[in-house]
Amino acid sequence: MLIRIPRGWEIKESQVTPEAVFLNRRALVAGALAAGSGIAAPAFAQAKDEDPSAGLYPLKRNEAFQVDRPLTDEATASTYNNFYEFGSHKQIWRAAQKLPIRPWTVRIDGLVEKPFEIAIDDLLKRMPLEERHYRFRCVEAWSMTVPWGGFPMKALVELARPLSAAKYVAMDTFHNPEIASGQKASWYPWPYREGVTIEEAANELTFLVTGVYGKPARKQYGAPLRLALPWKYGFKSVKSIVRFEFTDKRPVSFWEKLQPAEYGFWANVNPQVSHPRWSQATEEVIGTGKRVPTLLFNGYGEFVAKLYDGIKGEKLFV
Ligand SMILES: Nc1nc2c(c(=O)[nH]1)N[C@H]1C(S)=C(S)[C@@H](COP(=O)(O)O)O[C@H]1N2
Ligand SMILES: [Mo]
C-alpha cells in the first residue's frame with residue numbers, strides 16, 4: 001500500500017481538503033463511482049413515514065447552549081458533508097441514501113457490567129431527547145451551525161454501566177462495502193472508529209445525534225446515530241455508530257491511524273495551534289462566503305477546558 005502525502009508547498013489554499021490529501025487516483029475514481037451510483041433522491045427527500053422515529057420530532061430546544069451566529073441553512077448543510085464511506089468529496093449526500101437505517105442495532109460491550117445490544121428505536125425511547133444548537137468546526141477550516149436533535153452521551157454511559165476500569169469509549173461506524181463503496185478502498189482502516197475518555201463522554205456538551213433540523217437525521221449526517229463534539233475538530237464526530245466499546249486502552253481512530261501527526265486523539269479546536277499544513281486561525285462559515293476568527297475550544301471552553309487541566313505532555317490541539 002502506497003499512500004502519497006503531498007507536502008505543504010504542493011497544496012494550494014483553495015485545494016485544502018486535508019482529510020483527503022492522501023487521495024491518489026484510485027481513491028478519486030472510487031469517489032466518483034460512489035457519487036454516480038447513488039439513488040437519485042433530492043437532499044430533502046425524506047418522507048415523514050419513512051423513518052419510524054419521525055413522530056418524536058421536533059424536540060424541545062435546550063436553551064443552555066446558545067450560539068452567536070445564524071444556523072446554517074438546511075439545503076447547504078445537507079449537501080456539504082464528509083462521509084468517506086460514500087466518497088471522498090463533499091457531495092456524498094446522494095450516495096448516502098443507500099444506507100439502510102432500519103433495522104439498526106447498537107452494541108455496547110467491553111468493560112461494562114453486562115454487554116448488550118439494543119435496537120435504535122428502543123434506545124430512543126429510553127434516552128432524554130432534546131434539541132441543541134451547536135457550532136461545528138471541521139479541521140479543514142470551515143464551519144457550520146447546526147440544530148441537532150439527540151441526547152447527552154452521559155445518558156448512554158449510565159445505561160451501559162461501565163466498570164471502574166473503563167477509561168475510554170471507542171465508537172465504530174457500520175462496515176458494509178456493498179452499500180458504502182468507499183469502504184472498498186482497502187487502504188483505509190475501516191470501519192471508521194473514534195474515541196473519547198470517559199470524562200469527555202460524560203461531559204454535558206457531548207451529544208449523541210439522532211435528528212437534525214427538527215426531524216430524524218438524514219443519512220448523509222450519519223443516521224441513525226452519530227456523535228457531536230462541538231469543541232473538537234469535526235472528524236471526532238463519528239457517524240452511523242453501531243458499537244460503543246468501553247476500554248482501558250486509548251483507542252486509535254481512523255484518521256490517527258492514517259496520519260497521527262495531523263489528526264490526533266485529542267483534536268481540541270485551538271486557533272493558535274496550526275495544522276502541520278495550514279493555519280487554524282480562521283474558518284470559512286459555510287453558506288456565507290465569510291471567514292471569521294476561530295475560537296479556543298470552538299467557543300466552548302467554559303464547559304470543557306477543565307477536562308484538560310491536569311494533562312501533561314500530550315498534543316491536546318492536533
Ligand atoms: N463514519 C464517518 N464519520 C465521520 C466522517 C466520515 O468520513 N465517516 N467524517 C468526519 C468529518 S471529517 C466531519 S467534518 C464530520 C462531517 O459531518 P457533517 O457531514 O454532518 O457536517 O463527520 C465526521 N464523521
Ligand atoms: Mo472534517
Side-chain angles (χ1 to χ4, degrees), residues 16-23 27 30-31 34 43 71-96 99 101 134-150 170-177 179-183 185 188-196 207-213 216-243 251 253-259 262-264 267 269 275 278 280 283-287 294 298 318:
V16 166
T17 53
E19 290 141 343
V21 290
F22 0 79
L23 284 188
L71 293 177
T72 303
D73 102 291
E74 186 180 4
T76 305
S78 60
T79 51
Y80 188 93
N81 304 92
N82 273 342
F83 202 167
Y84 272 64
E85 285 79 349
F86 295 100
S88 49
H89 49 88
K90 294 287 181 284
Q91 285 72 45
I92 53 75
W93 61 268
R94 202 186 283 273
L99 178 66
I101 54 170
Y134 277 174
R135 286 187 293 272
F136 182 83
R137 171 61 157 80
C138 174
V139 74
E140 298 165 342
W142 53 261
S143 68
M144 297 192 191
T145 307
V146 185
W148 302 116
M171 287 151 276
D172 291 333
T173 296
F174 72 87
H175 189 221
N176 187 346
I179 280 158
S181 64
Q183 292 182 330
Y188 287 123
W190 307 111
Y192 199 102
R193 186 173 173 83
E194 260 304 339
V196 293
F207 203 54
L208 282 164
V209 168
T210 59
V212 192
Y213 292 99
R218 292 197 178 79
K219 296 175 180 183
Q220 58 266 44
Y221 292 112
L225 187 66
R226 65 85 62 85
L227 188 61
L229 297 168
W231 74 98
K232 291 181 183 280
Y233 292 115
F235 65 87
K236 296 288 299 181
S237 291
V238 49
K239 294 182 169 183
S240 301
I241 300 167
V242 295
R243 180 184 180 207
S253 64
F254 181 85
W255 288 108
E256 193 182 2
K257 265 184 203 144
L258 289 163
Q259 272 284 59
E262 303 196 354
Y263 311 106
V269 174
H275 183 277
W278 61 87
Q280 295 289 24
E283 64 205 49
E284 181 190 345
V285 183
I286 294 296
T294 288
N298 202 23
V318 174

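Numbers here are sequence positions counted from 1. In listed order, ligands and their atoms are each counted from 1.
Heavy-atom proximity to atom 21 (O) of ligand 1, evaluated over W93, F136, F83, is greatest for F136. Ranked by closest heavy atom to atom 5 (C) of ligand 1, the top entry among Y80, Y192, F235 is Y192. Within the set V139, N82, N81, the minimum heavy-atom distance to atom 14 (S) of ligand 1 is found for N82. Of the candidates E140, Q220, R226, it is R226 that places a heavy atom closest to atom 20 (O) of ligand 1.
Within the 6.0 Å centre-distance limit, the rings of Y84 and W255 are counted as a close aromatic pair.
A salt bridge does not link E194 with R226: none of the charged nitrogens is closer than 4.0 Å to a carboxylate oxygen.
At least one N or O atom of K239 sits closer than 3.5 Å to an N or O atom of ligand 1. Distances between N or O atoms of E85 and those of ligand 1 include at least one value under 3.5 Å.
Note: W278 and H275 have parallel aromatic rings, judged against thresholds of 30 and 60 degrees for the angle between ring planes. Ring orientation note: the planes of Y233 and F235 are close to parallel, at an angle under 30° on the 30°/60° scale. Aromatic ring pairs are classed by plane angle as parallel below 30°, tilted from 30° to 60° and perpendicular above 60°; the pair W142 and F136 is tilted.
Remark: the backbone N or O of T145 is paired with a side-chain donor or acceptor of T72 at under 3.5 angstrom.
In the vicinity of Y221, heavy-atom distances shorter than 4.0 Å reach the ligand 1 atoms 20 (O). Atoms of ligand 1 lying under 4.0 Å from any heavy atom of T173, numbered from 1 in the order shown and given with element: 1 (N). The distance from ligand 1 to the heavy atoms of C138 drops below 4.0 Å at these ligand atoms: 14 (S).
A 4.5 Å side-chain heavy-atom check between F254 and T173 finds every atom pair outside the cut-off.
Ligand 1 has S237 within reach: a non-hydrogen atom of the residue lies less than 4.0 Å from it.
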